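Along the sequence shown, residues carry numbers from 1. Computed from a prediction, not measured in an experiment: that's the story for all the values here.
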Amino acid sequence: GWHAPALASAAEIAATLVRCGLVIAADRDLTGELRPRTLRRIARLEAVNRLLHRLAPTAALEALLDSYRGGLALERLYRASLMRYRLILAERPP
């Protein structure tokens with residue numbers, strides 16, 4: 001499922017990787033490559049998600065819908081420039 005118990009900055013993630021003995025091989029902000037839906041479309045999909053969640057016959061389907069709702073929430077955050085989508089690639093030193 002979609003769970004994020006805590007958010008960390010790119011600098012915090014990079015520092016943690018370095019403390020673990022890894023070398024940062026790439027660090028790219030990919031936010032500009034995202035194509036989030038319009039707020040109107042996100043709202044419609046959230047409404048459908050709420051309806052389906054109420055009708056879901058299994059916990060597994062509820063969990064799937066929860067993950068999808070999390071993705072819609074992320075799209076809202078990207079649209080509001082409150083979240084960045086970043087690739088940080090770390091590798092073991094040679």
Has Arg79 got a side-chain atom pairing as donor or acceptor with Pro36's backbone, closer than 3.5 angstrom?
yes
Are Tyr68 and Leu45 close enough that some pair of their side-chain heavy atoms sits under 4.5 Å apart?
yes
Going hydrophobic residue to hydrophobic residue with side-chain gaps under 4.5 angstrom, can you get from Leu30 over to Leu89?
no
Tabulate below the donor-acceptor pairs under 3.5 Å that side-chain atoms of residues 21-29 make, not counting sequence neighbours, or state none.
residue, atom, partner, partner atom, Å
Asp27, OD1, Arg86, NE, 2.6
Asp27, OD1, Arg86, NH2, 3.1
Arg28, NH2, Glu33, OE2, 2.9
Asp29, OD1, Thr31, N, 2.9
Asp29, OD1, Thr31, OG1, 2.5
Asp29, OD2, Arg84, NE, 3.0
Asp29, OD2, Arg84, NH2, 2.6

To the nearest 0.5 angstrom, please state how far the CG atom of Leu72 sits from the CZ atom of Arg41.
9.5 Å
Would you say Leu17 ends up clustered with Leu87 if hydrophobic residues are merged whenever their side chains have heavy atoms under 4.5 Å apart, either directly or through other cluster members?
no
Where is the tightest heavy-atom contact between Arg19 and Thr16, given as atom of each residue plus distance?
NH2-OG1, 3.1 Å
Indicate the atoms forming the closest heavy-atom contact of Ala10 with Ile88, along with that distance.
O-CD1, 3.8 Å
Sorted by chain and number, sequence neighbours left out, salt bridge (charged side-chain N to carboxylate O under 4.0 Å, His left out) with Arg37 holds for Glu75
With clusters defined by side-chain heavy atoms of hydrophobic residues (ILVMFWY) lying less than 4.5 Å apart, directly or transitively, does Tyr85 cluster with Leu82?
yes
Donor-acceptor pairs under 3.5 Å, side chain of residues 47-59 to any protein atom, not counting sequence neighbours: which ones?
residue, atom, partner, partner atom, Å
Asn49, ND2, Leu65, O, 3.0
His53, NE2, Asp66, OD1, 2.9
Thr58, OG1, Leu61, N, 3.1

